[in-house]
Amino acid sequence: MNKIIWPILLVLALSGCSSTSDTQATVEDRTATKTDAAKAATAGKDASDKAATAGGAQTTPLDGAGVKGSSLDGKQIGEGSSYTGDPRKDPASPLATREIFFDYDSYVVKEEYRPMLEAHAAYLMSHRDARLILQGNADERGSREYNLALGQKRAEAVRKALAVMGVSDAQDEAVSFGEEKLRDEGHTEEAHAVNRRVDLVYADE
Amino acid sequence: MFRAVALLPLYCLALLSASFSARATMEIQVFGGAADKIAVALVPFQTAPGQPMPALTQIVGDDLNRSGQFKMVDVSGTQHPVEPAQVNYNVWRGKGAEAIVIGQVLALPGGRFDVRFRLLDVVKQTQLAGFSYNISPAQWRATAHQIADIVYEKLTGTPGAFSSRIAYVQKQGKRYELKVADADGQNPRTVVRSSESVISPMFSPDGDSLVYVSFEDKKPVVYVQSLRDGSRRKVAAFKGSNSAPAWAPDGKRLAVVLTRDEASQIYLINADGTGLSRLTRGGNLDTEPAFSPDGQTLYFASDRGGSPQIYRMAVSGGEPKRVTFSGSYNVSPTISPDGKYLAYIGREDGRFRVELMELASGQTRVLTDTARDESPSFAPNSQSVLYATVQDGRGILGTVSLDGRTRARLSESGVDAREPSWGP
């Protein structure tokens, strides 16, 4: 579940940035409610506590340092961190987050994923040779081919969100695995929920 | 036709004689009355030493039973005639038989066999068909299927489909195998092995090739593979996803679903990968194309009306027309080779089942009683539907007659089978 906490934490850290973006065609522009904000705050606290006890230096860039103005640059986050490897693998970076989950029968990218997508967009724009594959997925119910098309719809929604952020079509590809790569093979609502997702995979990884 | 004269009282009891249910790999369930079934006495053929197993009449009987068109007359406690002269028609009429099949197997030099059979009309006391085959042991099952086809055609007036083949995907752990088997699920042969999923296989109209979707390239790509030499080529590997291939009846073109321009849309492409043209337009999701047998109309599933429904449009273009109206989820259309029926998967009360629509009247009927049915396809003679479903958490294959009364399970136990497609 930690993977899910990071982007929520970043919503706080990057809120100054996202407020400068216009309403975008495919990203749901929903102002966080008080409960959402409270939840995020708690989640953020939990996450930093955890990181602190783990003794990780990974949490240092999360205070907002290195995120200035309206352009978010993946490289800048890397500089603010003691992490020296591939910035996409820095656990403290939103670039390490590679999953976008969707509501039932929904193809709308939720607002909470905007900072993470902006980080990937910035990375792609500053690394013109990088290629990102957006792999759409669906839950197991119904026809395999129809589910393939539903997964594609989700992948396309993410691709369009990245396009609005300035990513060139040449640098990404929306594909679908339908129900062929179930994260959870169970038949519960919970299993279905984790299977309705888009995975972000860089071609060189 | 034979049916017109065969109006004997049908008081025969045995729907399934004991010998036919002996094989664990196949289960045949019969529902409802048997009022219009043809009563056939299948007399065990005289055997030859060293002949393959199981007996020919068992394979023939399984075939006939699975079709749902016949009921087997109990042959226990009777003489087993081999030649027509040995047939006591009064005895068989007394047992309610309308037709009787007799035969024998003779050993030939070199390990071959001579198989002779005759189909006799019990009412008219005449021979309807009689053939002999000089076969190798490897042709044993094929011979039985051919006998079943002849019996089926002579008694129903419609060609049999027992000599045809099916393709399906078997999953074991993380390994996927695309298989081709006889129409009864026996004699499976693997034609593709992959560590990634394979879906949507379909035989070319001539039966020489398979088209399918493979995920081995980390995305769905459409391949055509020769069954003769195993060679294959990518027919559609455009940017985005490539899926849902359907052969046109002339075998020259395929309908495929591509996402290269925007959402999933239907395109036509030559079987060699050239000559791409786009068929559907708009930002909707269009998938699962299926040709009508004349090649003029394409049926497909689309969310253009808000929920997944089946539409049809002219292959030459034009406005799609909605075909299914009841329920909020109708997908996976397939048209019977005789052009009379549409089979598809419909969802009702959370259950996905095989449904049949008579195209002329628009009347629909649910054929199955399971909950997770997928991938319907018609027998080459249009008389039954092959589909996948889930039983005890595992994927299995089944056939169902068009009246929904006879369902047979094809796959062996212990393997996960899915994505079946019935071929020539």
Side-chain angles (χ1 to χ4, degrees), chain A residues 25-26 104-107 131-160 162-163 168-183 185-189 191-192 195 198-205, chain B residues 169 171 176 196-200 213-215 217-221 238-246 257-260 262-265 283-289 300-303 307-308 328-333 344-347 350-352 371-376 388 390 393 418-419:
Chain A
T26 52
Y104 174 67
D105 205 23
S106 170
Y107 310 93
R131 252 184 96 244
L132 183 64
I133 318 294
L134 307 161
Q135 301 179 340
N137 296 272
D139 66 46
E140 59 166 7
R141 291 170 292 181
S143 141
R144 285 179 188 277
E145 280 289 357
Y146 199 82
N147 285 339
L148 188 70
L150 292 184
Q152 184 72 31
K153 218 167 152 177
R154 296 191 174 111
E156 290 288 345
V158 175
R159 191 189 62 76
K160 281 177 189 161
L162 288 172
S168 145
D169 273 3
Q171 274 188 278
D172 60 19
E173 180 174 14
V175 304
S176 179
F177 281 83
E179 57 174 285
E180 308 309 317
K181 272 201 164 172
L182 297 176
R183 174 72 43 87
E185 301 216 340
H187 311 301
T188 60
E189 280 307 321
H192 297 330
N195 290 332
V198 170
D199 294 326
L200 281 63
V201 179
Y202 282 90
D204 62 333
E205 288 179 328
Chain B
V169 177
K171 187 188 179 202
Y176 298 83
E196 300 291 338
S197 185
V198 174
I199 64 169
S200 308
V213 175
S214 171
F215 289 79
D217 306 294
K218 306 299 174 199
K219 67 182 226 173
V221 167
F238 298 96
K239 186 171 185 180
S241 296
N242 307 264
S243 69
V257 171
L258 308 179
T259 65
R260 63 195 291 265
E262 44 180 317
S264 302
Q265 300 281 294
N284 307 98
L285 183 172
D286 298 331
T287 189
E288 301 191 310
F300 61 98
S302 175
D303 71 349
S307 66
S328 60
Y329 188 99
N330 295 299
V331 299
S332 308
Y344 57 99
I345 299 296
R347 184 183 64 199
R351 300 169 75 194
F352 298 88
R372 292 176 61 191
D373 301 349
E374 289 187 32
S375 309
V390 176
R418 77 269 287 271
E419 297 290 284

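In what follows, every chain begins at residue 1, and chains take the letters A, B, ... in the order their sequences are listed.
For B:Ser241, the side-chain hydrogen bond (donor to acceptor under 3.5 Å, both in side chains) test picks out A:Gln152, with sequence neighbours left out. Remark: A:Arg159 pairs with A:Glu156, A:Asp169 by the side-chain hydrogen bond (donor to acceptor under 3.5 Å, both in side chains) rule, at least two apart or across chains.
Neither the backbone nor the side chain of A:Leu134 comes within less than 4.5 Å of any heavy atom of chain B. For chain A, the nearby part of B:Phe238 is the backbone; its heavy atoms alone come within less than 4.5 Å. Contact of B:Val213 with chain A is made through the side chain alone, with heavy-atom distances under 4.5 Å. For a residue to count as touching a neighbouring chain, one of its non-hydrogen atoms must lie under 4.5 Å from one of that chain's; by this rule A:Ala149 touches chain B with backbone and side chain alike. When heavy atoms are compared at a cutoff of 4.5 Å, B:Ile345 does not approach chain A at all. For B:Asp373, no part lies under 4.5 angstrom from a heavy atom of chain A. For B:Ser332, the part lying under 4.5 angstrom from a heavy atom of chain A is the side chain only.
Going from atom CG of B:Asn330 over to atom OH of A:Tyr146 covers 10.5 Å, rounded to the nearest 0.5 Å. With values rounded to the nearest 0.5 angstrom, B:Arg372 atom CZ is found 4.5 Å from A:Glu140 atom CD. Between atom OG of residue B:Ser243 and atom CD of residue A:Glu145 there is a gap of 4.0 Å, rounded to the nearest 0.5 Å. To the nearest 0.5 Å, atom CD1 of residue A:Ile133 and atom NZ of residue B:Lys218 are 11.5 Å apart. Taken from CD1 in B:Ile199 to CD in A:Glu180, the straight-line distance is 5.0 Å, to the nearest 0.5 Å. One distance of note links CD of A:Gln135 with CZ of B:Phe215; it measures 10.5 Å at 0.5 Å rounding.
Contact check on A:Glu179 versus B:Arg418 returns no salt bridge, with no Lys/Arg side-chain nitrogen under 4.0 Å from an Asp/Glu carboxylate oxygen.
For the set B:Thr287, B:Leu285, B:Val331, B:Asp286, the count of heavy-atom pairs under 4.5 angstrom toward chain A peaks at B:Leu285. The candidate from B:Ala301, B:Gly393, B:Ser200 with the greatest count of non-hydrogen atom pairs under 4.5 Å with chain A is B:Ser200.
Looking at A:Arg141 and B:Arg347, their side chains never come closer than 4.5 Å, going by heavy atoms from C-beta outward.
A donor-acceptor distance shorter than 3.5 angstrom exists from the side chain of B:Lys239 to the backbone of A:Asp172, with no hydrogens or angles considered.
Nearest heavy atoms, A:Ser143 versus B:Glu288: OG-OE2, 2.6 Å.
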